[in-house]
Structures are given as C-alpha cells and as structure tokens.
J.: 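Below is a structure I'd like to ask you about.
Keep in mind that this is a model prediction, so the values were computed, not measured. Protein chains get the first letters and strands the later ones, always in sequence-line order, with residue 1 at the start of each.
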2 protein chains.
Amino acid sequence: MKKDLTISYDEFMLKFKDTMKSLGLNNSVQREYVLKVLFKSDTHLSADALLFEVKKEYEVTMGIATVYRILNLLEELHIVNGILIDGNESKVYELNLVSHHDHMVCTQCNKIVEFYDAELEKLQENVALSNGFTLKSHNMLLYGICNECQ
Amino acid sequence: MKKDLTISYDEFMLKFKDTMKSLGLNNSVQREYVLKVLFKSDTHLSADALLFEVKKEYEVTMGIATVYRILNLLEELHIVNGILIDGNESKVYELNLVSHHDHMVCTQCNKIVEFYDAELEKLQENVALSNGFTLKSHNMLLYGICNECQ
DNA sequence: TTCCCTGCAAAGGATTTGCATACAA
DNA sequence: TTGTATGCAAATCCTTTGCAGGGAA
C-alpha cells in the first residue's frame, strides 16, 4: 500500500533503528535491505520472492533462513503483516505502514486489494461481544472476481 | 456444531453414498469412519486427531495419507470445512452440516465458537462491490478472549 | 473384471534450528 | 569485547505422491 504513505523511508528507518535499540537488538544490512524492498514494493511478497528481490537489487549474500528470521521478528513487532491466502502454501508479507486494513483477493488473477471499512470492523466487535468475546484481532480475506476479470 | 443438526447420521450417510455414486466413486469403511467421527464430534479436529479417534473407536488400519485424501475429497465436495487458525501449523476440520458460519477463537483457551451474522455477510458483499469485486467466498476468523477466560 | 481406494514408505515444500563465524555497538 | 545476527546445511513438520495390493460394484 505504497501510495498512502505519510512517512519517508528515512524516517521509517530511523524509527526502526530506535525500536531495535530499545530492544537491545542490532541493526544489519540484511534487515535494512528486507525493509527497503518491502518499502519499495507495491505487492505482497513471499519469503522466497523477498530473498530474490534483495539479492537482485543489492548483491548481498543472504540465506532464506535469515529472511524467515527477519520476517518473524518484524511480524512479532507488528512492523510487517503476513497473510496466507487460501490454496497457497506460503505466506506473503507487506509492510505495516498504514493503519489496519483487510484484503480482498481475485481468485482469477490473484490480485490483492486492500480495504478498510469502519462499519465492518464495528460489526465484528459487536458480534464478538454478543458471544461473550472481547475482540482482540481478526483475520479476514474476501475472495471474488475483480472488475477486469469479469 | 452438533446441536443444531436437523439430519440424522443415517440420513446423512445415505445422502453421502448417493453423492459418491453420482460421481462414480466408491464408499469405504475408512470414509464412513471419518464421517462418523466428525459427525459425533463437537470439536474441530486435525487430520492427526481424526486418525487417532478413528483408530480408537473402530480398530481399523488406516494411514494418515488416507485421512488427508478423504479430507481433501470431502472439502472439495463442501462436505467438510477446514480452517487454519493463526499460529497453528495444521488445519482443523468440521462437518459442514449447517449453513455457512464463521468462527471466533479464544486466544487463551483455544475454544472455537461458531457464529453467523447476516448483516456482516451483507456488508462484506457491499464492500467487495464497492471495490469492483463480485464476492464469491470469504475467510474470517475473529480472535479474542472468551467469557470464562476474562 | 474393472476401477477405485488404501497402506506404506518415500518424496516434497515451507519453515526452523544448530553451529561456527561475522558483525554491531 | 560481548552478545547479537548470519550463512549454511541439516532437521522438522505437515501434507502429498508412487506403487502394489485389496476392495467395491
């Protein structure tokens, strides 16, 4: 969701380095490159694809294990979101720069569209409440056919 | 979702055998036992757990490969639903006896509650439409803390 | 008899882990 | 210097597949 960014890459990295420091963690070129690729990408990337992109752009040695370690760390810190689309074997990742949103997938062309609907969010909370649940999060994927594919 | 059944096991099996026949497929004790365990269960079961239950109840030789083959077949026919809960490695399955519903998971005790909300469904459709999508299906899991765990 | 179905074991694919080395602070 | 991060390869875990034998109709 590149378009709605209100933060520059530099600002973002400064904040990231702060976060690392406050956790007693180091920075590394690998982490920086992963973030950079995610920042520049306008699609959702799998760990494999991410590794491929990093290697293509930055000529650095990097193993797939590192990619997973980085993505898991970033996901725990809510810096990235990983989503698993029905029928796929592996997760795809995106930077969590904008506020919460959900995804809609075209089952024909696999396009992923992001959306946010306040009413929908509110309704989920109410439904949870009426079942005695305090809602903490959700996971919603809509599957359909997009405009171009009809 | 055992409680809301409007169909008996025998009726269900008759219908299932019909389906098999109309597809040119056979019946088998393994398929019957898998269905029986799912029918009697009031929880969602993984492939592993399902195999364990079948073996415990019916003393039949059965391999995990068969469980997966059966579950995949049943899922394609929409006779079972498989759902993947965040943080879990494997899907859990339930019989698709009642009409469409979604799930709410307690992140503390892992309880799964089923629910259906017409307004929510309608809203999803509208949101899809306003993004140019014709909604075909969705995948929604709500995560929270249940009554007993608060 | 003719396919379909199963068990077993091996293969697959994505992700994780162990370990020695390299790097950040 | 000290602890953290990485690369590589091996290990895991879940799921699928190949093949030969068994079963349903």
Side-chain angles (χ1 to χ4, degrees), chain A residues 13-14 16-37 44-52 54-55 58-77 79-93, chain B residues 13-14 16-37 44-52 54-55 58-77 79-93:
Chain A
M13 276 312 295
L14 279 178
F16 175 70
K17 285 173 184 165
D18 267 6
T19 307
M20 290 295 100
K21 192 178 291 178
S22 73
L23 291 167
L25 300 177
N26 295 339
N27 197 18
S28 72
V29 286
Q30 286 84 353
R31 288 183 180 161
E32 207 154 320
Y33 288 157
V34 163
L35 287 170
K36 208 162 189 170
V37 165
H44 295 69
L45 296 167
S46 66
D48 257 354
L50 200 39
L51 178 60
F52 182 82
V54 167
K55 281 178 156 172
Y58 306 108
E59 319 208 1
V60 64
T61 61
M62 185 152 145
I64 189 68
T66 300
V67 178
Y68 280 111
R69 278 187 284 234
I70 292 176
L71 287 173
N72 288 345
L73 171 67
L74 295 176
E75 206 172 5
E76 269 174 42
L77 299 176
I79 295 172
V80 310
N81 303 320
I83 66 177
L84 182 61
I85 292 170
D86 271 18
N88 286 38
E89 343 45 44
S90 45
K91 274 187 180 177
V92 289
Y93 296 85
Chain B
M13 276 313 294
L14 279 178
F16 175 69
K17 284 172 185 167
D18 268 4
T19 307
M20 290 295 100
K21 192 179 291 177
S22 73
L23 292 168
L25 301 177
N26 296 338
N27 196 17
S28 72
V29 286
Q30 287 84 354
R31 286 182 182 164
E32 207 154 319
Y33 288 157
V34 163
L35 287 170
K36 209 163 189 170
V37 165
H44 295 68
L45 297 167
S46 66
D48 255 354
L50 200 39
L51 178 60
F52 181 82
V54 167
K55 281 178 157 172
Y58 306 108
E59 319 208 1
V60 65
T61 61
M62 184 151 146
I64 189 68
T66 299
V67 178
Y68 280 111
R69 278 188 284 233
I70 292 176
L71 287 173
N72 288 343
L73 171 66
L74 294 176
E75 206 172 3
E76 270 175 41
L77 299 176
I79 294 172
V80 310
N81 304 320
I83 64 177
L84 182 60
I85 293 171
D86 270 18
N88 286 37
E89 341 46 44
S90 45
K91 275 188 181 177
V92 289
Y93 296 86

J.: Taking any heavy-atom pair under 4.0 Å as a contact, classify B:N72: base, sugar-phosphate, or nothing.
T.: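 It contacts sugar-phosphate atoms only.
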J.: OP1, OP2 of D:dG23 versus side-chain N and O of B:S28: anything below 4.0 Å?
T.: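 So the side-chain polar atoms of B:S28 never come under 4.0 Å of the phosphate oxygens OP1 or OP2 of D:dG23.
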J.: Between A:R69 and D:dA5, does any side-chain N or O lie under 4.0 Å from OP1 or OP2?
T.: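 So the side chain of A:R69 is outside the cut-off, no N or O lying under 4.0 Å from OP1 or OP2 of D:dA5.
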J.: Of the nucleotides D:dT4, D:dT17, D:dT6, which one has an atom closest to the side chain of B:A65?
T.: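 Of the candidates, D:dT17 comes closest.
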J.: With nearest nucleotides of DNA chain D determined for B:T66 and A:M20 from heavy-atom distances, which residue corresponds to the more 5′ nucleotide?
T.: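 The residue mapped nearer the 5' terminus is A:M20.
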J.: Counting heavy atoms from C-beta on, name the nucleotide in C:dT16, D:dT6, C:dA14 closest to the side chain of A:R31.
T.: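 When the side chain of A:R31 is considered, D:dT6 is the closest of C:dT16, D:dT6, C:dA14.
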J.: Categorize B:I64 for me: base, sugar-phosphate, or nothing, with a 4.0 angstrom heavy-atom threshold over every strand shown.
T.: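 Answer is nothing: B:I64 stays at 4.0 Å or more from every strand.
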J.: Tell me whether the OP1 or OP2 atom of C:dG7 has a side-chain N or O from B:Q30 closer than 4.0 Å.
T.: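 Answer yes for this pair, as a side-chain N or O of B:Q30 is under 4.0 Å from OP1 or OP2.
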J.: What contact category does A:K21 fall into here, base, sugar-phosphate, or nothing, at under 4.0 angstrom with non-hydrogen atoms?
T.: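 Counting heavy atoms under 4.0 Å across all strands, no contact is made by A:K21.
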J.: Contact between B:V29 and B:K36 at the side-chain level, heavy atoms closer than 4.5 Å - yes or no?
T.: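 No - every pair of side-chain heavy atoms lies 4.5 Å or more apart.
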J.: Scan side-chain atoms only and decide if A:N27 and A:E32 contain a donor-acceptor pair under the 3.5 Å cut-off.
T.: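 A donor-acceptor contact under 3.5 Å links the two side chains.
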J.: Between A:N26 and D:dG3, does any side-chain N or O lie under 4.0 Å from OP1 or OP2?
T.: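 No, A:N26 has no side-chain N/O under 4.0 Å of OP1/OP2 on D:dG3.
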J.: Rounded off to whole Å, could you give me the CD-to-P distance for the A:E32 and C:dA24 pair?
T.: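 My rounded result for the distance is 11 Å.
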